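Inspection log for the structure reproduced underneath, given as structure tokens.
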Number of protein chains: 2
Amino acid sequence: MINYTDILREHNLKATPQRLAIADTLYINGHMSVEDLYELMLKKFSSISLATIYKNINLMLENSFIQEVKLPHAKSVYELTKSSHSHLLCEKCKEVSDISLALEHVIESASRTSDFKIHSADLVLSGICKNCQ
Amino acid sequence: MINYTDILREHNLKATPQRLAIADTLYINGHMSVEDLYELMLKKFSSISLATIYKNINLMLENSFIQEVKLPHAKSVYELTKSSHSHLLCEKCKEVSDISLALEHVIESASRTSDFKIHSADLVLSGICKNCQ
DNA sequence: CTCTGTGCAAAGCGTTTGCAAACGA
DNA sequence: TCGTTTGCAAACGCTTTGCACAGAG
């Protein structure tokens with residue numbers, strides 16, 4: 001179990017019990033929707049408010065402590081910010097997982113043919129995971 | 001100007017004036033948010049309802065006549081369904097454009113390392129377009 | 001002690017639904 | 001003509017806001 005107190009502070013966020021729990025829950029579960037997060041948080045703080053979840057998600061997004069992952073045909077999930085990576089989405093069980101892929105060639109090729117100065121690449125690969133096959 | 005009557009029918013959609021106008025507007029503008037589409041449609045049908053826009057967008061999505069493009073840090077846009085491609089998003093002017101990129105290697109690599117059966121790849125490259133640089 | 005965060009209730013806003021009239025095939 | 005679509009208004013659900021109290025630093 002990681003102590004997120006200092007990490008939160010580095011992101012200009014006070015380390016409240018609720019925030020520490022959000023960080024821990026995201027760490028353990030990887031990718032969570034607002035609803036999932038709320039349900040799990042309720043187990044630790046029986047009177048936590050959805051407003052608190054939203055306020056913290058928004059603050060954490062602004063301070064880059066977490067990131068939103070927009071998924072095709074599914075609601076967004078949130079994850080702790082880590083080094084750049086792509087996502088796999090199982091169309092059946094809806095599980096999201098991280099995958100590290102070399103996109104340099106694709107980005108380079110896109111830069112060449114588009115005259116864009118590309119800063120980031122958001123890639124979601126959809127399919128069927130091993131368990132669901 | 002393309003006649004979408006038959007194309008709509010092929011997608012099991014009656015060719016109403018509103019739908020023809022939606023198709024035409026998307027064809028001309030490429031990628032549009034619900035709001036943008038509503039505003040432009042109002043110029044052609046001064047009493048069109050937002051509900052009509054939503055109902056048609058949803059039907060057209062179900063029938064694969066159009067597709068939703070989810071963008072990082074921006075609201076979704078919709079486009080006429082065409083062969084698989086990636087998207088470029090200008091972080092400054094928010095314009096979205098299509099780009100054809102070879103993702104086979106990336107998908108193959110992902111399949112190998114993940115044991116997923118991958119069906120599709122949604123890629124959005126964000127950066128600054130030529131005009132905004 | 002001060003300022004920020006929390007929980008609650010109310011407000012806000014984008015989206016969906018129900019219905020009667022209009023329309024496409 | 002029959003079944004679908006439209007426009008309107010109301011309902012809905014997710015998200016945000018305002019405020020008083022609690023808690024972090």
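Quick caveat: nothing in here was measured; it's all calculated off a predicted structure. Here is how names work: the chains are called A, B, and so on, in the same order as the sequence lines, proteins then strands, and each is numbered from 1.
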Between [atom2] of [N] and [atom1] of [X], the distance in whole Å:
X        : N       : atom1 : atom2 : value
Ile53(B) : dG14(C) : CD1   : C1'   : 14 Å
Asn56(B) : dC23(C) : CG    : P     : 16 Å
Leu8(B)  : dG24(C) : CG    : C1'   : 13 Å
Leu59(A) : dA24(D) : CG    : C1'   : 15 Å
Tyr4(A)  : dA24(D) : OH    : C1'   : 21 Å

request  = Show your working on side-chain hydrogen bond (donor to acceptor under 3.5 Å, both in side chains) between Asp98(A) and His31(A) and close with a plain yes or no.
outcome  = CA-CA 9 Å; Asp98(A) 292 344; His31(A) 306 86; 2.8 Å; yes
So do the side chains of [X] and [Y] get within less than 4.5 Å of each other, counting heavy atoms only?
X         : Y         : answer
His105(A) : His105(B) : no
Glu79(A)  : His85(A)  : yes
His119(B) : Ser126(A) : no

request  = Of all the heavy-atom pairs spanning Ala23(B) and Leu80(B), show the shortest one and how long it is.
outcome  = O-CD1, 3.9 Å
request  = Return yes when atom OH of Tyr27(A) has more than 12 non-hydrogen atoms of other residues, nucleotides or ligands closer than 6.0 Å, and no otherwise.
outcome  = no
inquiry  = According to salt bridge (charged side-chain N to carboxylate O under 4.0 Å, His left out), who are the partners of Lys130(A), at least two apart in sequence or on a separate chain?
reply    = Asp115(B)
query = Quick one: salt bridge (charged side-chain N to carboxylate O under 4.0 Å, His left out) partners of Glu62(B), sequence neighbours excluded?
reply = none
Sub-3.5 Å pairs of nitrogen or oxygen atoms, protein against nucleotides 16-22 of chain D:
{"unit_1": "dT16(D)", "atom_1": "OP2", "unit_2": "Asn58(A)", "atom_2": "ND2", "d": "2.8"}
{"unit_1": "dG18(D)", "atom_1": "O6", "unit_2": "Lys55(A)", "atom_2": "NZ", "d": "3.0"}

Any residue of residues 27-49 of chain B with a heavy atom less than 4.0 Å from an atom of DNA chain D = Ser47(B), Ile48(B), Ser49(B)
ask   = Is there a residue in residues 13-25 of chain A whose heavy atoms reach under 4.0 Å of DNA chain C, and which residues are they?
value = Lys14(A), Thr16(A), Gln18(A), Arg19(A)
task = Look at the side-chain N and O atoms of Asn12(A) and state whether any lies under 4.0 Å from the OP1 or OP2 oxygen of dT4(C).
result = no
task = In sequence, state the C-alpha distance, the side-chain angles, and the governing distance for Leu37(A) and Ile57(A), and then conclude on side-chain contact (heavy atoms from CB on, under 4.5 Å).
result = CA-CA 10 Å; Leu37(A) 186 55; Ile57(A) 284 181; 4.1 Å; yes
note = For residues 7-17 of chain B, the salt bridge (Lys or Arg N to Asp or Glu O under 4.0 Å) pairs (sequence neighbours left out) are Asp6(B)-Arg9(B)
ask   = Going only through I, L, V, M, F, W and Y residues with side-chain contacts under 4.5 Å, is there a path from Met60(A) to Leu50(A)?
value = yes
